[in-house]
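Everything numeric in this text was worked out from a predicted model, so none of it was measured.
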Amino acid sequence: MAKSASERQAAYRERRAKAGDNGERRINTWVSTGASLALSRLAARQGISQREMLERLIIAADKEVTAKVAIDTQEWDDYFLLRSDNE
């Protein structure tokens, strides 16, 4: 029997969760028109997809934060949502 559209979609999403080196996660959100237009401009200027542009911006922001935080500190643990045994 053929799969329904919802079954095919569920199978696709399951495969995406396991894709690549570490899987992928779906982000579904609304952003302001200004942010959407800016993302479109940035991606077009770089000649890349909006997805790639968004990934680059997020990773760059994360690297900027982690470069300023010392490893093995409470601030590092808090950023990565790790809790010490003392809490």
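- Remark: Arg51 engages Glu24 in a salt bridge, criterion side-chain N to carboxylate O under 4.0 Å.
- The CZ atom of Arg56 sits 8.5 Å away from the OG atom of Ser49 when rounded to the nearest 0.5 Å.
- For the pair Arg26/Arg16, no side-chain contact is recorded, criterion being any heavy-atom separation below 4.5 Å from C-beta on.
- By the rule that hydrophobic residues join a cluster once side-chain heavy atoms approach within less than 4.5 Å of another member, Ile48 and Leu42 end up as members of one cluster.
- Here Lys63 contributes atom NZ and Ile58 contributes atom CD1; the two are 13.5 Å apart, rounded to the nearest 0.5 Å.
- Heavy atoms from other residues, nucleotides or ligands lying under 6.0 Å from CD of Glu64 number 12 at most.
- Under the 3.5 Å distance criterion, the side-chain polar atoms of Ser36 are left unmatched by any main-chain donor or acceptor of Ser32.
- Here Arg41 contributes atom CZ and Met53 contributes atom CE; the two are 12.0 Å apart, rounded to the nearest 0.5 Å.
- In this structure, OG1 on Thr66 lies 11.0 Å from CD on Glu75, to the nearest 0.5 angstrom.
- Expressed to the nearest 0.5 Å, how far CG of Asp62 lies from CG of Leu57 amounts to 12.5 Å.
- Nearest heavy atom pair, residue Ser40 against residue Gln50, reads OG-NE2, 3.1 Å.
- Linking Ile, Leu, Val, Met, Phe, Trp and Tyr whenever their side-chain heavy atoms come within less than 4.5 Å leaves Ile59 and Val65 in two separate clusters.
- A donor-acceptor pair under 3.5 Å links the side-chain atoms of Arg8 to the main chain of Lys3, judged by distance alone.
- The backbone N or O of Ala43 sits nowhere less than 3.5 Å from a side-chain atom of Gln46 that would complete a donor-acceptor pair.
- Inter-residue side-chain proximity for Thr73 and Tyr79 is flagged as unmet; no heavy-atom pair is nearer than 4.5 Å.
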